[in-house]
Asker: 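Got a structure here, written out as structure tokens. Questions coming.
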Amino acid sequence: MKIQIINGPNLNLLSIREPDIYGVATFEDYLKELRIKFSDTEIHYYQSNVEGEIINRIHQTGFSFDGIVLNAGAYTHTSVAIHDAIKSVETPVVEVHISNVYAREQFRRQSLLAAACKGVIAGFGMDSYRLAIEALKQLKVS
Ligand code: DQA
């Protein structure tokens, strides 16, 4: 099984950025744990701060991978173009957030992506990514 994780803007600064909200772990360290846990799964990782590059990655993996785990960061709340990219591909996309966006500022409570995604997982810290992979694996067998 092949899974693509895509992290959007500012998520390259995990461990440094607002650690009270996003935690103290780097994504690279967490990724090592994920790859050990899902040793039967190819987990590809991509991070970009650029909207168009995120769209390109969705296009590149959205016809051949089994699932995409997408944390689009702030683009979640603004990007019609990423919504359209998700709708344009065949691979199921799970929207994830480290924080519970519904318990934060009003502007984070709207996702322009959720309606195009298979589902949404938010608020479980880094564990949101593991839960998304579990969900994609379950989809594959069901
Ligand atoms: C986030 C939530 C977004 O509102 C924010 O802009 C982020 C991170 C999260 O993972 O909790 O960059 O997607």
Side-chain angles (χ1 to χ4, degrees), residues 1-38 41-142:
M1 190 165 176
K2 275 168 83 167
I3 302 267
Q4 173 72 58
I5 298 175
I6 303 175
N7 272 346
N10 303 306
L11 292 164
N12 52 314
L13 294 182
L14 285 174
S15 83
I16 298 165
R17 171 194 184 199
E18 298 181 274
D20 47 321
I21 298 174
Y22 300 113
V24 293
T26 66
F27 198 80
E28 286 67 20
D29 283 344
Y30 178 66
L31 190 58
K32 282 184 199 146
E33 286 175 35
L34 275 183
R35 286 186 170 136
I36 291 167
K37 173 153 185 64
F38 297 106
T41 302
E42 251 183 65
I43 301 177
H44 296 237
Y45 175 58
Y46 181 74
Q47 190 278 330
S48 177
N49 295 320
V50 179
E51 188 176 21
E53 289 178 354
I54 294 167
I55 292 166
N56 286 341
R57 196 62 164 201
I58 292 169
H59 292 173
Q60 282 156 13
T61 54
F63 296 94
S64 53
F65 279 57
D66 300 294
I68 297 174
V69 176
L70 174 63
N71 185 347
Y75 287 139
T76 305
H77 318 296
T78 62
S79 181
V80 175
I82 295 178
H83 170 108
D84 287 349
I86 297 166
K87 293 277 271 196
S88 303
V89 299
E90 289 165 1
T91 300
V93 177
V94 177
E95 175 183 327
V96 306
H97 299 286
I98 296 165
S99 64
N100 179 356
V101 283
Y102 299 99
R104 298 182 61 193
E105 302 96 321
Q106 192 62 41
F107 64 84
R108 292 185 207 277
R109 294 183 196 168
Q110 187 195 19
S111 168
L112 295 193
L113 311 184
C117 290
K118 189 72 193 170
V120 179
I121 297 172
F124 296 95
M126 292 288 216
D127 204 35
S128 295
Y129 293 87
R130 177 190 63 83
L131 292 167
I133 295 173
E134 302 275 12
L136 287 165
K137 287 177 91 73
Q138 192 57 40
L139 260 188
K140 174 99 173 158
V141 295
S142 60

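The chain is numbered in sequence order, starting from 1.
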Asker: According to salt bridge (charged side-chain N to carboxylate O under 4.0 Å, His left out), does anything in residues 43-61 pair up with another residue at least two apart or in another chain? List the pairs.
Answerer: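 Qualifying pairs: none.
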
Asker: Locate the shortest heavy-atom distance separating V101 from A122; write the atom from each residue and the value.
Answerer: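 Minimum heavy-atom separation between V101 and A122: CG2-CB, 4.4 Å.
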
Asker: Quick one: list whatever passes salt bridge (charged side-chain N to carboxylate O under 4.0 Å, His left out) with K140, sequence neighbours left out.
Answerer: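 With neighbours one apart ignored, the set is D66.
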
Asker: Test of understanding: with side-chain hydrogen bond (donor to acceptor under 3.5 Å, both in side chains), list the residues that count as partners of E28, not counting sequence neighbours.
Answerer: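 With sequence neighbours excluded, E28 shows a side-chain hydrogen bond (donor to acceptor under 3.5 Å, both in side chains) to no residue whatsoever.
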
Asker: Mind jotting down which residue pairs meet the salt bridge (charged side-chain N to carboxylate O under 4.0 Å, His left out) criterion with at least one end in residues 115-137? Sequence neighbours excluded, please.
Answerer: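 For residues 115-137, and leaving out neighbouring residues, the salt bridge (charged side-chain N to carboxylate O under 4.0 Å, His left out) pairs sorted by first residue read D40-K137, D127-R130, R130-E134.
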
Asker: CG/L131 to CE/M126 distance, rounded to the nearest 0.5 angstrom?
Answerer: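 One finds 13.5 Å between CG of L131 and CE of M126.
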
Asker: Do I68 and P92 have side chains that get closer than 4.5 Å, going by heavy atoms?
Answerer: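 Of all side-chain heavy-atom pairs linking P92 with I68, none is under 4.5 Å.
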
Asker: Report the C-alpha separation of L14 and T26 in whole Å, then their side-chain angles, then the decisive distance to 0.1 Å, and conclude whether the side-chain contact (heavy atoms from CB on, under 4.5 Å) test is met.
Answerer: CA-CA 5 Å; L14 285 174; T26 66; 5.8 Å; no

Asker: Which heavy atom of P19 sits nearest to which heavy atom of V24, and what is that distance?
Answerer: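 Scanning both residues, the minimum pair turns out to be CB-CG1, 4.0 Å.
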
Asker: Working note: R35 + L31, criterion side-chain contact (heavy atoms from CB on, under 4.5 Å); need CA distance, chi angles, decisive distance, verdict.
Answerer: CA-CA 6 Å; R35 286 186 170 136; L31 190 58; 3.5 Å; yes

Asker: Applying side-chain hydrogen bond (donor to acceptor under 3.5 Å, both in side chains), which residue pairs with at least one partner in residues 81-99 are found, sequence neighbours left out?
Answerer: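 side-chain hydrogen bond (donor to acceptor under 3.5 Å, both in side chains) check on residues 81-99 returns E95-H97, E95-S111, S99-R104.
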
Asker: Taking side-chain contact (heavy atoms from CB on, under 4.5 Å) as the definition, give me every residue that meets it alongside A74, ordered by chain and number, with sequence neighbours left out.
Answerer: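 Result, side-chain contact (heavy atoms from CB on, under 4.5 Å) vs A74: none returned.
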
Asker: If a pair satisfies salt bridge (charged side-chain N to carboxylate O under 4.0 Å, His left out) and one of its residues is in residues 1-23, list it, with sequence neighbours excluded.
Answerer: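 Output for this query is empty, none listed.
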
Asker: Mind checking what makes side-chain hydrogen bond (donor to acceptor under 3.5 Å, both in side chains) contact with S64, not counting sequence neighbours?
Answerer: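 Partners of S64 under the side-chain hydrogen bond (donor to acceptor under 3.5 Å, both in side chains) test: none.
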
Asker: Quick one: which residue pairs count as a salt bridge (charged side-chain N to carboxylate O under 4.0 Å, His left out) with a foot in residues 105-117, not counting sequence neighbours?
Answerer: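 Matches after skipping sequence neighbours: E105-R108.
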
Asker: Strictly distance-based, threshold 3.5 Å: is any side-chain N or O of S79 a donor or acceptor partner for the main-chain N or O of T76?
Answerer: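 No; judged by distance alone, with no hydrogens or angles, the pair does not exist.
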
Asker: Mind checking what makes side-chain hydrogen bond (donor to acceptor under 3.5 Å, both in side chains) contact with N49, not counting sequence neighbours?
Answerer: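 Result, side-chain hydrogen bond (donor to acceptor under 3.5 Å, both in side chains) vs N49: Q47.
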
Asker: Does the side-chain contact (heavy atoms from CB on, under 4.5 Å) test come out yes or no for Q4 and H44, once each step is laid out?
Answerer: CA-CA 5 Å; Q4 173 72 58; H44 296 237; 3.5 Å; yes

Asker: How far does OG1 of T78 sit from CZ of F107, to the nearest 0.5 angstrom?
Answerer: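 Atom-to-atom, T78:OG1 and F107:CZ are 11.0 Å apart.
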
Asker: Which heavy atom of V89 sits nearest a heavy atom of G62, and at what distance?
Answerer: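 Taking every non-hydrogen atom into account, CB-O, 3.4 Å.
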
Asker: Heavy atoms, side chains only, cut-off 4.5 Å: are V50 and P9 in contact?
Answerer: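 Sidechains of P9 and V50: no contact.
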
Asker: Compare every heavy atom of A72 with every heavy atom of L113, then report the nearest pair and how far apart it is.
Answerer: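 The answer is CD1-CB, 3.5 Å.
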
Asker: What do the steps show when you test V69 against I3 for side-chain contact (heavy atoms from CB on, under 4.5 Å), and what is the final call?
Answerer: CA-CA 7 Å; V69 176; I3 302 267; 4.0 Å; yes

Asker: Look up atom CD1 in I82 and atom CG in L70, then write down how far apart they are to the nearest 0.5 Å.
Answerer: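 Between atom CD1 of I82 and atom CG of L70 there are 6.5 Å.
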
Asker: Sort out for me which residue in V93, V94, V96 forms a side-chain contact (heavy atoms from CB on, under 4.5 Å) with C117.
Answerer: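 Result for side-chain contact (heavy atoms from CB on, under 4.5 Å) with C117: V93.
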
Asker: In Å and rounded to the nearest 0.5 Å, what is the CD1 to CG distance from I6 to N56?
Answerer: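 CG of N56 is found 10.0 Å from CD1 of I6.
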
Asker: Would you give the length of the straight line joining atom CD1 of I5 to atom CG of L34, rounded to the nearest 0.5 angstrom?
Answerer: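 If we round to the nearest 0.5 Å, I5:CD1 and L34:CG are 5.5 Å apart.
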
Asker: How far does CG of N71 sit from CD1 of I121, to the nearest 0.5 angstrom?
Answerer: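 The distance works out to 11.5 Å.
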
Asker: Just to verify, what does H59 make a ring pair (Phe, Tyr, Trp, His ring centres under 6.0 Å) with, not counting sequence neighbours?
Answerer: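 Scan of H59 (ring pair (Phe, Tyr, Trp, His ring centres under 6.0 Å), adjacent residues dropped) gives none.
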
Asker: Can you tell me which residue pairs pass the ring pair (Phe, Tyr, Trp, His ring centres under 6.0 Å) test with a partner in residues 6-36, sequence neighbours excluded?
Answerer: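 Non-adjacent pairs meeting ring pair (Phe, Tyr, Trp, His ring centres under 6.0 Å): F27-Y30, F27-Y45, F27-Y129.
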
